[in-house]
Amino acid sequence: MPPNSPDEALRLALRTLFARAYATDTSPIQRQVAYKRLQMASDDTLGDVLLQDLIRGSFAELLLRAALGDTLDALIIHIRAGETAKARALLEQTPVDGAALADLLSQDLTSLVSNARIDLAKRGAAPGATADLLNAPERRTADLVRDILTAEGETRAAGMSYLRQLSSHDAIPALLEALNDETLSIPARLDAIGLLVGLNDRSALPTLQALARNADATPLRGAALLAAADINGTPLEDALHGAVRKWASHNRPLARAVVSTFGDEPDPDTFLHALMQPTTPEADSRLAAAALVMSGSTDYALAVLRFLNHDDHARDRWGDLLRWEAATPEAHITDFFADRLRDEAQQARLAGHLDDSRRQLMNQLMLAMVRFNNERGKQALSSIQNNPSLPDDLRRAATKAIDRLNARKDNP
Amino acid sequence: MSDPNQLRQDLIHSQPDVYRTGSNDISSRVPLAEAARQDPHAVLRLLLDDLIWRVYLESLVYQEDTPALDQITGAALKGDFDLANERTRLAFHLEQDREHLLARVKSAANRHLLDNEG
């Protein structure tokens, strides 16, 4: 789960750096990201986090002393020896009276606090280094960006979160390098484009515009086109008009359909319908569909989803489109929607309410998750189902979608 | 089984009251107490996590500054968080030498790696 505040992010970074000793293993990328985050933290934030954690630890010691007595001494000896697993095992074996612990937590702890002896550790200077990555020379940001773009799962999520916090000065050269790296997968390069859009720095424009003209992969051309338009301040519709003008030379019916769609009142459903016509050359549909999906526009995403969920013909046609470049576009596109569902849920949680358009989009996304029937979709649905800050009806819809997926699993 | 995430939130929220001497507001600790009745080891595990973490943080403090940790805790116990914050900055040499603090984070992490892997 992404951190909710700078303090939480920093605490996570510190703990990640200690993670192998503290609780669980971490990947080298995660620790690189954590170290970078630590470097970026202000003195004020760092001081607050250190203080809060010291106080929390002291509180924990007071309560453990009261609950466990001398067993606490044995726990501390294990911890200081780096034997946290033994400390945890000892704790599990130690009988504890739940009612007594509850009473302890329920009483005024003033007297307990005033009588407690805070036994603080005295640790000497650290001995030499290990071959661990932490002690390796600082890596180039471009290498770190590349590793993050090719990582998977939580490591990737944590890395992307870190990259979004980088300044333009640090990030743009590294992202442009990734963008031009043809050994990277298309989804990885698309993510680099997305990050560049977030930075909104015009120095990225020449590379994006060149990519929009020359990239071999259709989704890259579409995404680069839209990214350049976004950074340039060109309305999305105008960017698509630009594309249409190019298509007009060889596909006049499509060009007419698209241009008529973007009249006084842009109607993404109509636009998409035109794209899905069997007479529309597939290559043109691919470019436009990729542009729609990658645009980040709620209206367009919703339009694509409506077709996916309710129009059999469009669905079949879309299925063809999804088999874009022979790499893994289908997985990418379905993962894109799953991630979008998570993002929308997160935004709704942060906003503290759910407006109608977001509710509509999330419902459509949940339907799509049932149709896609993949693991990331299930995870996205579960995160909604288990998020008490989201409205009950939305959580019920997620539960229903999961039930449908499970029923499908039982009766394939 | 108690929800560990909720328990952690309860624990975090209960913390300030404990450290304000004379405070009788225990309402924020009630959920934690209820959890302790049902699953005391779940609460103890969270407390142990925080204790382990504090021990590691202590390893970042210069040896000659270790007494400052007593001052930090003492100030916090009295509810003087401004003083505690100031002492924390001094103990970690936060404003004097950021690079050394970062180096200590690395060294301490590596030392624990050695401990665990040894």
Side-chain angles (χ1 to χ4, degrees), chain A residues 14-15 17-18 20-23 35 38-39 43 46-48 50-51 53-61 63-64 67 75-76 79-84 87-88 91-92 96-99 101-103 105-110 113-114 118 120-127 129-130 132 134-135, chain B residues 11-12 14-15 18-19 21-24 26 29-30 32-34 36-41 43-45 47-59 61 63 66 69-70 72-73 76-77 81 84-85 88-89 92 94-95 98 102 104-116:
Chain A
L14 268 167
R15 292 199 179 206
L17 285 169
F18 281 100
R20 196 180 295 177
Y22 174 63
Y35 189 69
L38 198 60
Q39 286 177 307
D43 286 346
L46 193 53
D48 285 345
L50 291 169
L51 175 61
D53 283 354
L54 283 173
I55 291 174
R56 195 186 304 173
S58 299
F59 174 33
E61 182 178 349
L63 290 171
L64 286 169
L75 289 175
I76 290 177
I79 296 168
R80 289 182 181 160
E83 299 167 334
T84 51
R88 291 179 198 285
L91 187 75
E92 295 301 325
V96 59
D97 182 344
L101 182 59
D103 288 342
L105 287 159
S106 301
Q107 64 181 257
D108 178 357
L109 295 182
T110 304
V113 168
S114 62
I118 308 300
L120 298 169
K122 290 188 176 182
R123 288 193 172 270
T130 71
D132 186 79
L134 272 175
N135 265 8
Chain B
L11 189 60
I12 290 169
S14 70
Q15 173 189 296
V18 175
Y19 280 86
T21 305
S23 168
N24 287 315
I26 59 167
R29 292 201 298 273
V30 170
L32 200 63
E34 286 303 315
R37 284 184 211 284
Q38 296 170 24
D39 189 353
H41 274 99
V43 176
L44 290 181
R45 275 181 223 118
L47 295 173
L48 181 65
D49 278 349
D50 285 338
L51 177 64
I52 291 170
W53 183 234
R54 201 201 66 193
V55 171
Y56 286 155
L57 287 185
E58 287 165 5
S59 71
V61 175
Q63 194 168 16
T66 307
L69 294 178
D70 288 317
I72 293 167
T73 311
L77 290 174
F81 287 94
N85 201 0
T88 301
R89 290 162 172 279
F92 289 97
L94 199 56
E95 286 155 333
R98 164 70 73 98
L102 297 177
R104 291 202 302 280
V105 171
K106 281 187 175 183
S107 296
N110 282 330
R111 179 177 52 188
H112 288 297
L113 278 175
L114 282 176
D115 287 341
N116 272 7

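Computation of the quantities below employed the complete heavy-atom set of this structure, encompassing side-chain atoms and omitting hydrogens, waters and symmetry-equivalent molecules. The chains referred to below are lettered A, B, ... by the order of the sequence lines, with proteins before strands, and numbering in each begins at 1. This is a predicted model, so every value here is computed, not measured.
Rounding to the nearest 0.5 Å places OG1 of A:T84 at 11.5 Å from CG of B:L51. The line from CZ of B:F92 to CG of A:D43 is 13.0 Å long, rounded to the nearest 0.5 Å. Taken to the nearest 0.5 Å, the CG atom of B:L44 stands 12.5 Å off from the CZ atom of A:R88. Note that CG of A:L75 and CG of B:L47 are 11.0 Å apart. Values are rounded to the nearest 0.5 Å.
Residues forming a side-chain contact (heavy atoms from CB on, under 4.5 Å) with A:D97 (at least two apart in sequence, or on another chain): A:A99, A:A100. Listed by chain and number, the residues in a side-chain hydrogen bond (donor to acceptor under 3.5 Å, both in side chains) with B:R37 amount to none (sequence neighbours excluded).
With a 4.5 Å cut-off on non-hydrogen atoms, A:L50 touches chain B through its backbone and its side chain both.
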Test side-chain contact (heavy atoms from CB on, under 4.5 Å) applied to A:E92 and B:H41, step by step: CA-CA 7 Å; A:E92 295 301 325; B:H41 274 99; 4.2 Å; yes
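Of all non-hydrogen atoms in A:L101 and B:P40, the two that sit nearest each other are CD2-O, 3.8 Å. Of all heavy-atom pairs spanning A:L54 and B:R54, the tightest one is O-CD, 3.5 Å.
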